**Q** 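My structure is below; once you've seen it, I'll send some questions.
In what follows, chains carry the letters A, B, and so on, assigned in the order in which the sequence lines appear, proteins first and then strands, with residues in each chain numbered from 1. No experiment lies behind these values; they were computed from the predicted model shown.
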There are 2 protein chains.
Amino acid sequence: MKVPSVEVEQRIERFKEAAKAAGLKLTHQRLEIFREVASSLDHPGAEAIFRAVQSRMPTVSLDTVYRTLWMLNDLGLLTTLGQRREAVRFDANLAHHHHYVCVRCGLARDFESTELDAIRVPGAVKKLGRVLTTHVEVRGVCEKCAAEQARKSPAAKKTAAVKGRGA
Amino acid sequence: MKVPSVEVEQRIERFKEAAKAAGLKLTHQRLEIFREVASSLDHPGAEAIFRAVQSRMPTVSLDTVYRTLWMLNDLGLLTTLGQRREAVRFDANLAHHHHYVCVRCGLARDFESTELDAIRVPGAVKKLGRVLTTHVEVRGVCEKCAAEQARKSPAAKKTAAVKGRGA
DNA sequence: CTGACTGCAAACCCTTTGCAGACCG
DNA sequence: CGGTCTGCAAAGGGTTTGCAGTCAG
(Lines give C-alpha, C1' and ligand atoms only; values in the text may rest on other atoms or scores of the structure.)
Protein backbone atom coordinates (compact mmCIF):
# COMPACT_ATOMS: atom_id res chain seq x y z
CA MET A 1 0.00 0.00 0.00
CA LYS A 2 1.23 3.43 -0.95
CA VAL A 3 0.35 7.06 -0.49
CA PRO A 4 -1.77 8.18 -3.50
CA SER A 5 0.52 9.60 -6.15
CA VAL A 6 -1.33 12.90 -6.29
CA GLU A 7 -0.46 13.42 -2.66
CA VAL A 8 3.10 12.30 -3.24
CA GLU A 9 3.53 14.82 -6.02
CA GLN A 10 2.20 17.55 -3.79
CA ARG A 11 4.67 16.63 -1.12
CA ILE A 12 7.50 16.66 -3.61
CA GLU A 13 6.39 20.05 -4.84
CA ARG A 14 6.48 21.32 -1.28
CA PHE A 15 9.96 19.89 -0.90
CA LYS A 16 11.21 21.63 -4.03
CA GLU A 17 9.92 24.94 -2.82
CA ALA A 18 11.35 24.48 0.65
CA ALA A 19 14.71 23.50 -0.79
CA LYS A 20 14.80 26.50 -3.05
CA ALA A 21 13.77 28.77 -0.20
CA ALA A 22 16.53 27.36 1.97
CA GLY A 23 19.14 27.52 -0.78
CA LEU A 24 19.64 23.76 -0.82
CA LYS A 25 20.50 21.87 -3.94
CA LEU A 26 17.95 19.55 -5.47
CA THR A 27 20.06 16.55 -6.20
CA HIS A 28 18.86 13.40 -7.82
CA GLN A 29 19.53 11.52 -4.57
CA ARG A 30 17.57 13.90 -2.39
CA LEU A 31 14.62 13.72 -4.69
CA GLU A 32 14.61 9.94 -4.75
CA ILE A 33 15.04 9.66 -1.02
CA PHE A 34 12.25 12.08 -0.33
CA ARG A 35 10.01 10.40 -2.86
CA GLU A 36 10.55 7.15 -1.06
CA VAL A 37 9.60 8.42 2.38
CA ALA A 38 6.80 10.55 0.99
CA SER A 39 5.15 7.57 -0.65
CA SER A 40 5.42 5.15 2.25
CA LEU A 41 2.50 4.50 4.53
CA ASP A 42 4.44 2.42 6.95
CA HIS A 43 7.21 4.45 8.47
CA PRO A 44 10.44 3.11 7.13
CA GLY A 45 13.80 3.29 8.86
CA ALA A 46 16.93 4.57 7.16
CA GLU A 47 17.99 1.10 6.11
CA ALA A 48 14.67 0.36 4.40
CA ILE A 49 14.69 3.67 2.59
CA PHE A 50 18.23 3.03 1.55
CA ARG A 51 17.42 -0.34 0.04
CA ALA A 52 14.39 0.98 -1.80
CA VAL A 53 16.25 3.92 -3.28
CA GLN A 54 19.23 1.77 -4.08
CA SER A 55 17.17 -0.48 -6.31
CA ARG A 56 16.50 2.49 -8.57
CA MET A 57 19.81 4.27 -8.06
CA PRO A 58 22.53 1.75 -7.27
CA THR A 59 25.15 4.32 -6.33
CA VAL A 60 23.46 5.97 -3.32
CA SER A 61 25.07 5.43 -0.01
CA LEU A 62 23.49 4.89 3.35
CA ASP A 63 25.10 7.96 4.81
CA THR A 64 23.52 10.17 2.17
CA VAL A 65 20.20 8.71 3.16
CA TYR A 66 20.82 9.68 6.75
CA ARG A 67 22.04 13.14 5.89
CA THR A 68 19.08 13.75 3.65
CA LEU A 69 16.57 12.46 6.14
CA TRP A 70 17.80 14.74 8.90
CA MET A 71 17.91 17.62 6.47
CA LEU A 72 14.28 16.99 5.58
CA ASN A 73 13.52 16.82 9.26
CA ASP A 74 15.19 20.19 9.78
CA LEU A 75 13.19 21.62 6.90
CA GLY A 76 10.06 20.44 8.66
CA LEU A 77 9.10 18.16 5.79
CA LEU A 78 9.10 15.06 7.89
CA THR A 79 9.18 13.99 11.49
CA THR A 80 10.51 11.01 13.33
CA LEU A 81 8.47 8.41 15.12
CA GLY A 82 9.02 8.02 18.83
CA GLN A 83 11.63 9.68 21.00
CA ARG A 84 14.19 10.76 18.52
CA ARG A 85 17.09 8.38 18.20
CA GLU A 86 17.81 8.07 21.87
CA ALA A 87 18.62 5.10 24.04
CA VAL A 88 15.82 2.98 25.50
CA ARG A 89 14.21 4.32 28.64
CA PHE A 90 12.50 2.36 31.35
CA ASP A 91 9.30 2.85 33.26
CA ALA A 92 8.36 1.03 36.45
CA ASN A 93 4.93 2.58 36.73
CA LEU A 94 2.53 -0.25 36.01
CA ALA A 95 -0.64 1.79 36.33
CA HIS A 96 -2.25 2.93 33.10
CA HIS A 97 -0.76 6.32 32.43
CA HIS A 98 0.32 8.76 29.77
CA HIS A 99 3.49 10.70 29.08
CA TYR A 100 4.62 14.24 28.78
CA VAL A 101 7.93 14.50 26.96
CA CYS A 102 10.11 17.57 26.49
CA VAL A 103 11.25 17.68 22.88
CA ARG A 104 14.29 19.67 23.86
CA CYS A 105 15.91 17.82 26.76
CA GLY A 106 14.00 14.56 26.73
CA LEU A 107 12.51 14.96 30.19
CA ALA A 108 9.63 12.54 30.58
CA ARG A 109 6.88 12.56 33.17
CA ASP A 110 3.88 10.38 33.75
CA PHE A 111 0.41 11.68 34.21
CA GLU A 112 -2.87 9.99 34.86
CA SER A 113 -6.25 10.80 33.44
CA THR A 114 -9.30 8.64 33.55
CA GLU A 115 -10.64 10.74 30.71
CA LEU A 116 -7.74 9.83 28.46
CA ASP A 117 -7.79 6.22 29.60
CA ALA A 118 -11.30 6.05 28.20
CA ILE A 119 -10.32 7.01 24.68
CA ARG A 120 -12.02 4.94 22.04
CA VAL A 121 -10.11 4.44 18.83
CA PRO A 122 -11.84 4.87 15.48
CA GLY A 123 -13.26 1.77 13.86
CA ALA A 124 -10.75 2.03 11.03
CA VAL A 125 -7.95 1.26 13.47
CA LYS A 126 -9.50 -1.98 14.55
CA LYS A 127 -9.15 -3.23 11.00
CA LEU A 128 -5.39 -3.03 11.37
CA GLY A 129 -5.32 -5.53 14.18
CA ARG A 130 -6.08 -6.13 17.80
CA VAL A 131 -5.73 -3.19 20.17
CA LEU A 132 -3.81 -3.74 23.38
CA THR A 133 -3.19 -0.31 24.83
CA THR A 134 -3.91 3.29 24.04
CA HIS A 135 -1.49 5.83 25.27
CA VAL A 136 -1.32 9.57 24.88
CA GLU A 137 2.00 11.24 24.33
CA VAL A 138 2.12 14.95 24.91
CA ARG A 139 5.15 16.72 23.54
CA GLY A 140 6.21 20.13 24.60
CA VAL A 141 8.98 22.22 26.05
CA CYS A 142 9.46 21.84 29.78
CA GLU A 143 9.70 24.75 32.18
CA LYS A 144 13.43 24.43 32.60
CA CYS A 145 14.17 24.39 28.89
CA ALA A 146 11.83 27.28 28.27
CA ALA A 147 13.68 29.28 30.93
CA GLU A 148 17.07 28.38 29.49
CA GLN A 149 16.00 29.26 26.02
CA ALA A 150 14.70 32.63 27.15
CA ARG A 151 18.01 33.39 28.87
CA LYS A 152 20.24 32.30 26.02
CA SER A 153 18.46 33.88 23.09
CA PRO A 154 15.84 36.52 23.75
CA ALA A 155 15.21 36.47 20.01
CA ALA A 156 15.59 32.91 18.74
CA LYS A 157 17.48 32.58 15.48
CA LYS A 158 16.81 29.35 13.65
CA THR A 159 14.69 26.45 14.78
CA ALA A 160 17.02 24.11 12.95
CA ALA A 161 19.49 24.12 15.81
CA VAL A 162 17.92 21.24 17.72
CA LYS A 163 20.32 18.75 16.21
CA GLY A 164 22.70 17.75 18.99
CA ARG A 165 21.87 15.33 21.73
CA GLY A 166 19.24 15.53 24.43
CA ALA A 167 19.94 16.75 27.97
CA MET B 1 11.60 14.45 42.74
CA LYS B 2 11.09 10.83 43.58
CA VAL B 3 8.38 8.21 43.80
CA PRO B 4 7.06 8.11 47.41
CA SER B 5 9.02 5.50 49.34
CA VAL B 6 5.90 3.63 50.40
CA GLU B 7 5.15 3.02 46.74
CA VAL B 8 8.78 2.10 46.06
CA GLU B 9 8.73 -0.49 48.82
CA GLN B 10 5.54 -1.96 47.42
CA ARG B 11 7.13 -2.24 44.01
CA ILE B 12 10.16 -3.92 45.48
CA GLU B 13 7.94 -6.33 47.34
CA ARG B 14 6.24 -7.20 44.08
CA PHE B 15 9.62 -7.73 42.47
CA LYS B 16 10.74 -10.09 45.22
CA GLU B 17 7.63 -12.18 44.81
CA ALA B 18 7.90 -12.24 41.05
CA ALA B 19 11.55 -13.24 41.26
CA LYS B 20 10.80 -16.03 43.65
CA ALA B 21 7.93 -17.22 41.52
CA ALA B 22 10.17 -17.27 38.47
CA GLY B 23 13.04 -18.93 40.27
CA LEU B 24 15.37 -15.99 39.76
CA LYS B 25 18.02 -15.05 42.24
CA LEU B 26 17.65 -11.90 44.26
CA THR B 27 21.10 -10.47 43.98
CA HIS B 28 22.25 -7.27 45.54
CA GLN B 29 22.71 -5.78 42.08
CA ARG B 30 19.24 -6.64 40.90
CA LEU B 31 17.71 -5.15 43.97
CA GLU B 32 19.63 -1.90 43.63
CA ILE B 33 18.93 -1.61 39.95
CA PHE B 34 15.24 -2.20 40.42
CA ARG B 35 15.13 0.19 43.35
CA GLU B 36 16.64 2.84 41.14
CA VAL B 37 14.12 2.51 38.32
CA ALA B 38 11.26 2.03 40.73
CA SER B 39 11.99 5.28 42.48
CA SER B 40 12.51 7.45 39.42
CA LEU B 41 9.79 9.67 38.12
CA ASP B 42 11.63 10.64 35.00
CA HIS B 43 12.30 7.59 32.91
CA PRO B 44 16.00 6.99 33.02
CA GLY B 45 18.02 5.22 30.36
CA ALA B 46 20.42 2.40 31.12
CA GLU B 47 23.37 4.74 31.41
CA ALA B 48 21.64 6.96 33.99
CA ILE B 49 20.54 3.97 36.04
CA PHE B 50 24.04 2.62 35.85
CA ARG B 51 25.59 5.81 37.19
CA ALA B 52 23.08 6.09 40.00
CA VAL B 53 23.54 2.51 41.12
CA GLN B 54 27.28 2.76 40.71
CA SER B 55 27.48 5.57 43.24
CA ARG B 56 26.16 3.19 45.89
CA MET B 57 27.73 0.03 44.56
CA PRO B 58 30.93 0.86 42.71
CA THR B 59 31.43 -2.59 41.25
CA VAL B 60 28.27 -2.93 39.13
CA SER B 61 28.77 -3.04 35.44
CA LEU B 62 26.72 -1.51 32.71
CA ASP B 63 25.97 -4.85 31.13
CA THR B 64 24.45 -6.14 34.34
CA VAL B 65 22.20 -3.12 34.30
CA TYR B 66 21.06 -3.98 30.80
CA ARG B 67 20.57 -7.63 31.60
CA THR B 68 18.59 -6.82 34.71
CA LEU B 69 16.44 -4.23 32.99
CA TRP B 70 15.38 -6.61 30.25
CA MET B 71 14.79 -9.31 32.80
CA LEU B 72 12.48 -6.97 34.71
CA ASN B 73 10.79 -6.15 31.48
CA ASP B 74 10.22 -9.84 30.79
CA LEU B 75 8.82 -10.26 34.27
CA GLY B 76 6.35 -7.50 33.49
CA LEU B 77 7.68 -5.27 36.26
CA LEU B 78 8.59 -2.46 33.95
CA THR B 79 8.03 -1.31 30.42
CA THR B 80 10.03 0.69 27.93
CA LEU B 81 9.18 4.11 26.63
CA GLY B 82 8.68 4.54 22.92
CA GLN B 83 9.26 2.06 20.14
CA ARG B 84 11.54 -0.43 21.74
CA ARG B 85 15.22 -0.01 20.94
CA GLU B 86 14.81 0.15 17.22
CA ALA B 87 16.30 2.41 14.63
CA VAL B 88 14.73 5.82 13.94
CA ARG B 89 11.76 5.82 11.63
CA PHE B 90 10.55 8.66 9.47
CA ASP B 91 7.16 10.08 8.74
CA ALA B 92 6.36 12.44 5.87
CA ASN B 93 2.73 12.90 6.83
CA LEU B 94 2.49 16.48 8.02
CA ALA B 95 -1.20 16.41 8.87
CA HIS B 96 -2.07 15.96 12.52
CA HIS B 97 -2.41 12.22 12.96
CA HIS B 98 -1.99 9.34 15.35
CA HIS B 99 -0.26 5.99 15.18
CA TYR B 100 -1.11 2.37 15.41
CA VAL B 101 1.97 0.27 16.13
CA CYS B 102 2.24 -3.49 16.16
CA VAL B 103 4.21 -4.54 19.23
CA ARG B 104 5.28 -7.71 17.52
CA CYS B 105 6.61 -6.72 14.10
CA GLY B 106 6.84 -2.96 14.45
CA LEU B 107 4.37 -2.20 11.69
CA ALA B 108 3.22 1.40 12.01
CA ARG B 109 0.20 3.04 10.42
CA ASP B 110 -1.24 6.51 10.61
CA PHE B 111 -4.82 7.24 11.38
CA GLU B 112 -6.76 10.42 11.65
CA SER B 113 -9.43 11.35 14.11
CA THR B 114 -10.80 14.78 14.77
CA GLU B 115 -12.06 13.42 18.05
CA LEU B 116 -8.57 12.49 19.20
CA ASP B 117 -7.11 15.71 17.81
CA ALA B 118 -9.37 17.52 20.22
CA ILE B 119 -7.99 15.88 23.33
CA ARG B 120 -7.44 18.29 26.16
CA VAL B 121 -4.66 17.44 28.55
CA PRO B 122 -5.23 17.68 32.31
CA GLY B 123 -4.24 20.92 34.00
CA ALA B 124 -1.48 19.17 35.91
CA VAL B 125 0.38 18.57 32.67
CA LYS B 126 0.50 22.23 31.83
CA LYS B 127 2.53 22.81 34.97
CA LEU B 128 5.31 20.71 33.46
CA GLY B 129 5.78 23.04 30.53
CA ARG B 130 4.36 24.27 27.29
CA VAL B 131 2.37 21.78 25.23
CA LEU B 132 3.16 21.53 21.54
CA THR B 133 1.42 18.43 20.29
CA THR B 134 -0.77 15.67 21.58
CA HIS B 135 -0.53 12.38 19.88
CA VAL B 136 -2.22 9.07 20.56
CA GLU B 137 -0.26 5.87 20.19
CA VAL B 138 -2.27 2.71 19.93
CA ARG B 139 -0.34 -0.49 20.45
CA GLY B 140 -1.61 -3.85 19.40
CA VAL B 141 -0.94 -6.92 17.34
CA CYS B 142 -1.53 -6.49 13.64
CA GLU B 143 -3.60 -8.86 11.54
CA LYS B 144 -0.59 -10.47 9.96
CA CYS B 145 1.17 -11.18 13.23
CA ALA B 146 -2.01 -12.47 14.80
CA ALA B 147 -2.42 -14.88 11.91
CA GLU B 148 1.17 -16.03 12.11
CA GLN B 149 0.95 -16.54 15.82
CA ALA B 150 -2.23 -18.57 15.45
CA ARG B 151 -0.56 -20.77 12.86
CA LYS B 152 2.63 -21.34 14.80
CA SER B 153 1.22 -22.00 18.25
CA PRO B 154 -2.49 -22.73 18.58
CA ALA B 155 -1.96 -22.65 22.33
CA ALA B 156 0.48 -19.89 23.19
CA LYS B 157 3.01 -20.78 25.87
CA LYS B 158 4.70 -17.81 27.45
CA THR B 159 4.23 -14.18 26.63
CA ALA B 160 7.83 -13.51 27.58
CA ALA B 161 9.07 -14.66 24.20
CA VAL B 162 8.85 -11.27 22.47
CA LYS B 163 12.56 -10.66 22.84
CA GLY B 164 14.03 -10.88 19.34
CA ARG B 165 13.89 -8.11 16.79
CA GLY B 166 10.91 -6.71 14.94
CA ALA B 167 10.12 -7.66 11.34
C1' DC C 1 33.03 27.60 -12.44
C1' DT C 2 32.46 27.02 -7.31
C1' DG C 3 30.68 25.68 -3.31
C1' DA C 4 27.45 22.33 -1.79
C1' DC C 5 26.81 17.41 -1.96
C1' DT C 6 28.11 12.61 -2.44
C1' DG C 7 30.52 8.18 -1.53
C1' DC C 8 33.83 5.92 0.98
C1' DA C 9 35.70 4.25 5.09
C1' DA C 10 36.72 4.80 9.54
C1' DA C 11 34.94 6.43 13.96
C1' DC C 12 31.33 6.47 17.48
C1' DC C 13 27.77 5.29 20.65
C1' DC C 14 24.72 2.16 22.68
C1' DT C 15 23.81 -2.48 23.47
C1' DT C 16 24.80 -7.42 23.47
C1' DT C 17 27.57 -11.62 24.11
C1' DG C 18 31.24 -15.31 25.58
C1' DC C 19 33.81 -16.59 29.27
C1' DA C 20 35.72 -17.51 33.95
C1' DG C 21 35.16 -16.44 38.53
C1' DA C 22 31.68 -15.10 42.45
C1' DC C 23 27.55 -15.75 44.99
C1' DC C 24 22.57 -16.99 46.13
C1' DG C 25 19.71 -20.46 47.74
C1' DC D 1 27.88 -27.12 46.77
C1' DG D 2 25.68 -26.19 41.91
C1' DG D 3 23.86 -23.49 38.85
C1' DT D 4 22.88 -18.77 38.22
C1' DC D 5 24.70 -14.29 37.93
C1' DT D 6 28.37 -10.93 37.56
C1' DG D 7 32.25 -8.32 35.51
C1' DC D 8 35.27 -7.93 31.93
C1' DA D 9 36.40 -7.14 27.35
C1' DA D 10 35.48 -7.61 22.81
C1' DA D 11 31.92 -7.89 19.18
C1' DG D 12 27.85 -6.01 16.93
C1' DG D 13 24.39 -2.88 14.78
C1' DG D 14 22.90 1.61 13.74
C1' DT D 15 24.42 6.26 12.93
C1' DT D 16 27.78 9.98 12.19
C1' DT D 17 31.91 12.26 10.40
C1' DG D 18 36.35 13.77 7.62
C1' DC D 19 37.97 13.88 3.21
C1' DA D 20 38.51 14.26 -1.81
C1' DG D 21 36.11 13.94 -5.94
C1' DT D 22 31.48 15.33 -8.34
C1' DC D 23 27.56 17.89 -9.66
C1' DA D 24 23.69 21.49 -9.37
C1' DG D 25 22.97 26.20 -10.06
Side-chain angles (χ1 to χ4, degrees), chain A residues 15-34 37 43-51 53-54 56-75 80-90 106 160 162-167, chain B residues 15-34 43-51 53-54 56-75 80-90 106 162-167:
Chain A
F15 167 41
K16 288 182 179 170
E17 284 163 28
K20 183 169 293 179
L24 294 166
K25 296 191 174 175
L26 265 179
T27 64
H28 194 190
Q29 289 89 326
R30 286 178 174 177
L31 231 22
E32 285 306 314
I33 292 167
F34 182 64
V37 198
H43 297 299
E47 187 75 32
I49 297 166
F50 171 56
R51 278 197 302 271
V53 172
Q54 197 180 36
R56 275 173 277 138
M57 183 195 265
T59 60
V60 267
S61 65
L62 183 55
D63 35 285
T64 297
V65 172
Y66 277 109
R67 280 189 280 230
T68 303
L69 255 12
W70 289 120
M71 181 212 75
L72 291 165
N73 178 67
D74 289 345
L75 281 180
T80 60
L81 236 64
Q83 321 298 136
R84 224 155 236 297
R85 75 283 168 354
E86 274 172 11
V88 220
R89 298 171 66 167
F90 300 86
V162 202
K163 283 198 65 180
R165 64 236 12 235
Chain B
F15 166 41
K16 288 180 179 170
E17 284 164 28
K20 183 170 295 181
L24 294 167
K25 298 191 172 172
L26 265 179
T27 63
H28 194 190
Q29 290 88 327
R30 287 179 173 175
L31 230 22
E32 285 306 315
I33 292 167
F34 182 65
H43 297 298
E47 186 73 34
I49 297 166
F50 171 56
R51 279 197 301 270
V53 172
Q54 198 181 34
R56 276 173 279 139
M57 182 195 268
T59 60
V60 268
S61 66
L62 182 55
D63 35 288
T64 296
V65 172
Y66 277 110
R67 280 189 279 229
T68 302
L69 256 12
W70 290 121
M71 181 213 74
L72 291 165
N73 179 67
D74 289 346
L75 281 180
T80 60
L81 236 65
Q83 321 300 136
R84 223 152 238 298
R85 73 286 172 349
E86 274 172 11
V88 219
R89 299 173 64 168
F90 300 87
V162 202
K163 282 200 66 181
R165 64 241 11 243

**Q** Under 30°, 30 to 60°, or over 60°: which ring-plane class applies to B:F90 and A:W70, parallel, tilted or perpendicular?
**A** perpendicular
**Q** Can you name the closest pair of heavy atoms from A:V65 and A:A46 and give their distance?
**A** CG1-O, 3.8 Å
**Q** Please check if the side chain of A:R30 supplies one atom and the backbone of A:M71 the other of a donor-acceptor pair under 3.5 Å.
**A** no
**Q** Calculate the interatomic distance between A:L72 atom CG and C:dC5 atom P; express it in whole Å.
**A** 12 Å
**Q** Apply ring pair (Phe, Tyr, Trp, His ring centres under 6.0 Å) to B:F50 and list each qualifying residue two or more places apart in sequence or on a separate chain.
**A** none
**Q** Rounded to whole angstrom units, what separation is found between the CG atom of B:L31 and the P atom of D:dT6?
**A** 11 Å
**Q** How far apart are the closest heavy atoms of A:I33 and A:V53, and which atoms are they?
**A** CA-CG2, 3.9 Å
**Q** Quick one: A:M71 CE to C:dT6 P, roughly how many Å, whole number?
**A** 8 Å
**Q** If you assign each of A:S61 and B:E47 to its closest nucleotide in DNA chain C, which residue comes earlier from the 5' end?
**A** A:S61
**Q** If I take atom CZ in residue A:R30 and atom C1' in nucleotide D:dG25, what distance separates them, rounded to the nearest angstrom?
**A** 13 Å
**Q** For B:I33 and D:dC5, what is the distance between atoms CD1 and C1' respectively, to the nearest whole Å?
**A** 11 Å
**Q** Tell me whether the OP1 or OP2 atom of D:dG7 has a side-chain N or O from B:Q29 closer than 4.0 Å.
**A** yes
**Q** Any chance you could list the contact pattern along nucleotides 17-25 of chain C? Use B for base contacts, S for sugar-phosphate-only contacts and - for none, protein heavy atoms under 4.0 Å, 5' to 3'.
**A** BB-----BS
**Q** Using atom CD1 of A:I49 as one end and atom P of D:dG14 as the other, report the distance to the nearest whole Å.
**A** 14 Å
**Q** Whole angstrom is fine here: how far is it from CG in A:L69 over to P in C:dT6?
**A** 12 Å
**Q** Tell me: CZ of A:F50 to C1' of C:dT6, nearest whole Å?
**A** 13 Å
**Q** Between the main-chain N or O of B:H43 and the side-chain N or O of A:R89, is there a donor-acceptor pair closer than 3.5 Å?
**A** yes
**Q** Given side chains that start at C-beta, do those of A:V60 and A:E32 come closer than 4.5 Å, heavy atoms only?
**A** no
**Q** Among C:dG7, C:dC5, D:dT6, find the nucleotide with the atom closest to the side chain of A:T59.
**A** C:dG7
